[in-house]
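A quick write-up on the structure given underneath.
A, B, ... follow the sequence lines: proteins, then strands. Residue 1 opens every chain. Worth knowing before you read on, the calculation uses all heavy atoms, side chains too, and leaves out hydrogens, waters and symmetry mates. Note that this is a predicted model, so its numbers are computed, not measured.
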There are 2 protein chains.
Amino acid sequence: MAAMTASVNPDLQNERNKATFDPIQLTYLLHNGPQQTRRKRYIQSLALNDRVKQNFRTWTELSREERYEESMKKCIYCADRVKELGFKDPVDIYIYNQMFTGHENSPFGLHNSMFTDVLTQQGTEEQKAKWLPLAKNYQILGTYAQTEMGHGTFVRGLETTATYDPKTQEFVLNSPTLTSIKYWPGALGKTSNHCIVIAQLYTQGHCHGLQPFIVPLRNLDNYQPLPGVEVGDIGLKFGYDAVDNGYLRLSNIRIPRENMLMRYSKVTEDGVFIKPKNDKLLYGGMVMIRSFITGDCGRGLSQACTIAIRYSSVRHQTEVTPGKGEEKILDYQTQQYKLFPALSTALAYLFAGNAIREMYLRVMADINKGALGELPQLHALSSGLKACSSYAASEMIETCRMACGGHGYSQASGFPKIYVNVTPACTYEGENTVLLLQTARYLMKCLNSSAQGEELPTLMSYLNKSTGGKTSTITDRLSLRSLVEAFEHRAARLIRECGSRIQTLTSRGMKPDVALNSTSVQLVKAATAHVECCVVKIFVNEVERKDVNPQLKPVLQAMCQLYTVYLLLQNSGEFMQDGFVTGQQVEVLNSKLLDLLSEIRPNAVAIVDGFDIPDAMLASALGRFDGQVYEALYQYARNSKLNKTEVSDAYYKHLKPFLDRQRQISTPSVVTSRL
Amino acid sequence: MAAMTASVNPDLQNERNKATFDPIQLTYLLHNGPQQTRRKRYIQSLALNDRVKQNFRTWTELSREERYEESMKKCIYCADRVKELGFKDPVDIYIYNQMFTGHENSPFGLHNSMFTDVLTQQGTEEQKAKWLPLAKNYQILGTYAQTEMGHGTFVRGLETTATYDPKTQEFVLNSPTLTSIKYWPGALGKTSNHCIVIAQLYTQGHCHGLQPFIVPLRNLDNYQPLPGVEVGDIGLKFGYDAVDNGYLRLSNIRIPRENMLMRYSKVTEDGVFIKPKNDKLLYGGMVMIRSFITGDCGRGLSQACTIAIRYSSVRHQTEVTPGKGEEKILDYQTQQYKLFPALSTALAYLFAGNAIREMYLRVMADINKGALGELPQLHALSSGLKACSSYAASEMIETCRMACGGHGYSQASGFPKIYVNVTPACTYEGENTVLLLQTARYLMKCLNSSAQGEELPTLMSYLNKSTGGKTSTITDRLSLRSLVEAFEHRAARLIRECGSRIQTLTSRGMKPDVALNSTSVQLVKAATAHVECCVVKIFVNEVERKDVNPQLKPVLQAMCQLYTVYLLLQNSGEFMQDGFVTGQQVEVLNSKLLDLLSEIRPNAVAIVDGFDIPDAMLASALGRFDGQVYEALYQYARNSKLNKTEVSDAYYKHLKPFLDRQRQISTPSVVTSRL
């Protein structure tokens, strides 16, 4: 939104004046210090200036096809400009692109991530030398096609085949069934001319499982699909208008042997299949993406919180005391109860996103030195965090939207766009329930190790603690240690219960896999409890960091307490079931929660200011830094495409003839132009 | 979706074969018997045939402006056709229109509901005689403008003024501020030529509060806005593309005195204001709409459940037992845990919708006889039901969508359209939290009456029961009586806790209104508990009806148990806090819940078949009655507008020049048309 007024709404200014800390301190904490904050702001303002200068069309005015086209224009501009600016650091490029395209996504997104990443990770040195320069210089444009119409998260079920023909030293790719048609890959429909296809490898009469193959899709001269390639867009989705998610049907496509990515598995010229030494490494890419999703969900939710909290401090409704005027809606306890837990959850997942990314980098460095020990723990946590963060963000973005009443439902609010961008994270890169079950399987392994007296990885060591017969030490002081202990106890209890149920079922003769399915609802709960326990600990660590600004520290502490207490109360039955947390303690927590809402109230706006999200990124009439929401809403309305003419086309085409007919039927004298 | 194949997917046929009851029995129960079911089906097929014959454009291919236009065309067709068919019963007309326009809403929607309803309810006999024929014959097209940019649920805060000028015997209407601009009324932007404006009445120097005024907006000859009227569309929303929700700014608009609706309040020719005898009657319309929303939410959720459950019984994923093939996803416990509680909730709110509508009609009949006694109870329950049903439907429609993995995110699934149509029900006709607080205020009054030994209305009589010191009688038999008792106990406890907190706060000197706000989080919980208790009882009544088909009865009973047990477990802390439900009982319920999922499993498809929702209404590739989902998805993709040409316009305009430049920069020989 362009600024329409230089002044800040006094309601919002008052909020800022009464904050007890400087928001920049939170910005530094979230963005890794003053230097990186300055860098981020510099790149954001650069991108914003560039965008304004380029004068793109208004998103809301465009049809879906025009959105695709406009986004293509934007991402081409970004590609050129990033090169011109000489950005090398992927973080710099990410910030620039994010600021430039906002919530619109980009038809080049998958080229720059999955396509080049998979080439890098799974190509041989020779393959990388050939393909990476082509990709990085946009001489080819690629995407990654794994999901099929009938096959998603269960990757082994994919049906696309790649059969080796030693006579020509080629692979022959086919989509043998309707369900094997590739479906969903981003930028596959119209944008990409190449694609990494995941297919079942057949050679010498045997299937050797899934392998990645580089498949050219379109003639580079005229962009027509190559013979045997049926490719297209999959049509409208909930969001993601700018991306041509596509479908792909392959009929006897021949590619040279060298187009199978062979860093791990290999097929020799005469068709011999050579197994990889360690197939765990194949999952590195998945772990990385899931780790990043956690931070993205935190960012999406922090945007929604920024909009809702700023709006709630300028929106007035209902006189509580007659004659005293309508209150700011942020002063209502019910509003605080909706927004502040969401705010604390945004912080929790921003911190968790940072923590899991650091863990990922550390574990990857270890792996490059040959140490694979931490990979299972990282894999389990990154899967679970991806699931919990995307569920929480999806749900709470909608809570924020609804907390803004009717205006939240307008696209002017910015919420719908944020929601439709974040919610697919519940599904893509591994469906959430399936991921939580993966986490749970790891927890069951740890439970077995624990039973056998083995040492457990750090994050799991609580399983070895005994809290049997004890009760929680939670009091109205809300000591973070007591709260962490309660979360550990709950997770450990749920994990142990799953273990004993599975044992009972198998001891009655049920097959282990069937027993797992018969326990899966509890397993998901146990995995969720574990992940939430980890998130609580990460949050506590942030509060206890020595370098936290002293004014910020009590604010963070209150947010951490709120996050933890709210989560505990939302699931209080799970904490109370074995009597660890008592009914009296829950009563205390219920009352302390209300106190925390009041404690956080004066700093709510400062906290969202601390997220440091530019107005242009929020793209919200309600979330503007200056709080001039009604002018922005009015402008938004006036700009509606239907208002280009006072009288709509629909009137001339349909309504006028209809109304004229009605007038003729009835006594014409009754109706005049001015009744 | 047109049928693309005559055969039903065998997976779905198997489900139907193994059901233990005939779905038509559920259809009869939900639609008031065989005769009304036949009538409904007859009208639906009529509407469907008409729609097919008219050959409207495909919704997903249209821009927002085209959608508005196409919907205009549709609702004009419906208006003519309904007249031609001679339909008089509003239910018939509702069914016809619903089937015809599906989830697209209609620019005539508010004309046919609020505009004519308010005329009917608040006009004098003279006014009705003048305006109703004009409205019913579409000689004028109207809407209802209450909400302003700065004022929503708190109606008293509205700023639009209507000042009586005795000299000319006119009212002068004005929008004195930016925030007083009317914002959101449906069909206000471009469609309506008249409008009922709610404004603060000023006469003889005094403000007499809100009154309804009929205001002409557009010149009936050329549809230009009349002088002093600034009116337009408010732009894109999350959904509701077909409706021109609008804004309206009035500058010294003069209307004759007779244009104030004067059934209750009156202004005489010389400007004397005459108060109504009973202002409670004014709320009748609101109560009616809120009552109907409950059923609508049940219907929206039942559509989502139909899609998700049919899809889950044809979608296969993951081999549980290696070599045995991938399982139907409906066989996964986690999937059942997502979908069956949603299914039971859909049933619960369909029944509750029917019950509250009957209660509304009964209470209105009483009122017409002068008996107002039940109005407060009806008002409280209809507000609460509207809030609880819209929250539950919103949340669970999304659960259904996500339970369908990636495909749920495609517009082909039908979910996004259902969601964006249902979720505004959380906000419109009274924001949910505000409504729950209204319900809570009624509960506090009943608590006081109870303390004074007064008799309570039927629905509240549980407040007079004493369960102090007792524990729940819930066992693994899941007796409905025990479950109802637990819900009553929880509601009573929460209501009493609110009462004592408010008493404590006021006894410390806090003003009653402030004390209410400081208790509002708990009040919302208490109101929710009360409403859920009522819904449980309504469901139990349906199960225990004598005329329920004997094969259907056990199925309904299991659904009722599931609804109740799931809801109890979701809030187990509230049932356990005072020890009424014990940890052991919760453990039993956790285990029984899993048994219920298995018990319901064979009938899941039959239950959604029993909702009797035509394919054309679902408009879903995944929810088709014949289960041929992959063919439908494939067709949906092929029909994407971006696929009209093999090579997109974006390629010629933007991508080709970009790629050509990249090729020139680098060694051209590397890239050929076929790498």
### Query
Where do B:R638 and A:D233 land on the salt bridge (charged side-chain N to carboxylate O under 4.0 Å, His left out) test, with the steps shown first?
CA-CA 7 Å; B:R638 288 167 61 107; A:D233 178 72; over 6 Å; no
#### Entry: Proximity breakdown for A:T519 and chain B, heavy-atom pairs closer than 4.5 Å
backbone
### Message
At a 4.5 Å cut-off on heavy atoms, which part of B:L236 comes close to chain A: side chain, backbone, both, or neither?
### Response
both
### Quiz item: cation-pi between B:R249 and A:Y634, 6.0 Å / 45°
yes
### Task
List in chain and number order the residues that pass salt bridge (charged side-chain N to carboxylate O under 4.0 Å, His left out) with A:E61, two or more places apart in sequence or in another chain; answer none if no residue qualifies.
A:K644
### Residue B:E395 versus chain A: region with a heavy atom under 4.5 Å
neither
### Query
So which part of B:V524 gets closer than 4.5 Å to some heavy atom of chain A, the side chain, the backbone, both or neither?
side chain
### Query
Is chain A contacted by the side chain of B:F415, its backbone, both, or neither, given a heavy-atom distance below 4.5 Å?
neither
### Summary
Under 4.5 Å to a heavy atom of chain A? For B:L594 that would be side chain
### Query
So which part of B:Y419 gets closer than 4.5 Å to some heavy atom of chain A, the side chain, the backbone, both or neither?
side chain
### Task
Would you mind checking which part of B:N432 comes under 4.5 Å of any heavy atom in chain A, side chain (CB onward), backbone (N, CA, C, O), both or neither?
neither
### Message
Under a plain distance cut-off of 3.5 Å, with no hydrogens placed, do B:T423 and A:R401 share a side-chain donor-acceptor pair?
### Response
yes
### Query
Does A:R218 reach the side chain of A:V231, with side-chain heavy atoms less than 4.5 Å apart?
yes
### Task
Give, as side chain, backbone, both or neither, the part of B:L642 having an atom under 4.5 angstrom from any heavy atom of chain A.
both
#### Entry: chain A contact via B:I214 - which portion, at a heavy-atom distance below 4.5 Å
neither
### Task
Using non-hydrogen atoms and a 4.5 Å limit, figure out which bit of A:Y223 sits close to chain B: side chain, backbone, both or neither.
both
#### Entry: A:A403, part contacting chain B, at a heavy-atom distance under 4.5 Å
neither
### Query
With a 4.5 Å limit on heavy-atom distance, are the side chains of A:L655 and B:L141 in contact?
yes
## Note on the structure
If one checks every heavy atom of B:N222 against chain A at 4.5 Å, the contacting part turns out to be backbone
### Query
Given that the side chain runs from C-beta out, which part of B:E646 has a heavy atom under 4.5 Å from chain A: side chain, backbone, both or neither?
both
### Task
Apply ring pair (Phe, Tyr, Trp, His ring centres under 6.0 Å) to A:Y630 and list each qualifying residue two or more places apart in sequence or on a separate chain.
none
### Message
Under 4.5 Å from any heavy atom of chain A, what part of B:D578 do you find: side chain, backbone, both or neither?
### Response
neither
### Query
Under a 4.5 Å heavy-atom cut-off, does chain A meet the side chain of B:Y651, its backbone, both or neither?
side chain
### Query
Do the non-hydrogen side-chain atoms of B:M402 and A:S394 ever get within less than 4.5 Å of each other?
yes
### Flag, side chain of A:Y636 to backbone of A:S413, donor-acceptor distance under 3.5 Å
no
### Message
Less than 4.5 Å to any heavy atom of chain B: does that hold for the side chain of A:E326, its backbone, both, or neither?
### Response
side chain
### Query
B:H151 versus chain A, heavy atoms under 4.5 Å apart: side chain, backbone, both or neither?
both
#### Entry: Charged N-O contact under 4.0 Å between B:K641 and A:E66
no
### Task
Using a 4.5 Å cut-off on heavy atoms from C-beta on, say whether the side chain of B:L516 contacts that of B:L523.
yes
## Note on the structure
Counting heavy-atom pairs under 4.5 Å with chain A, the top scorer among B:S572, B:G157, B:G406 is B:G406
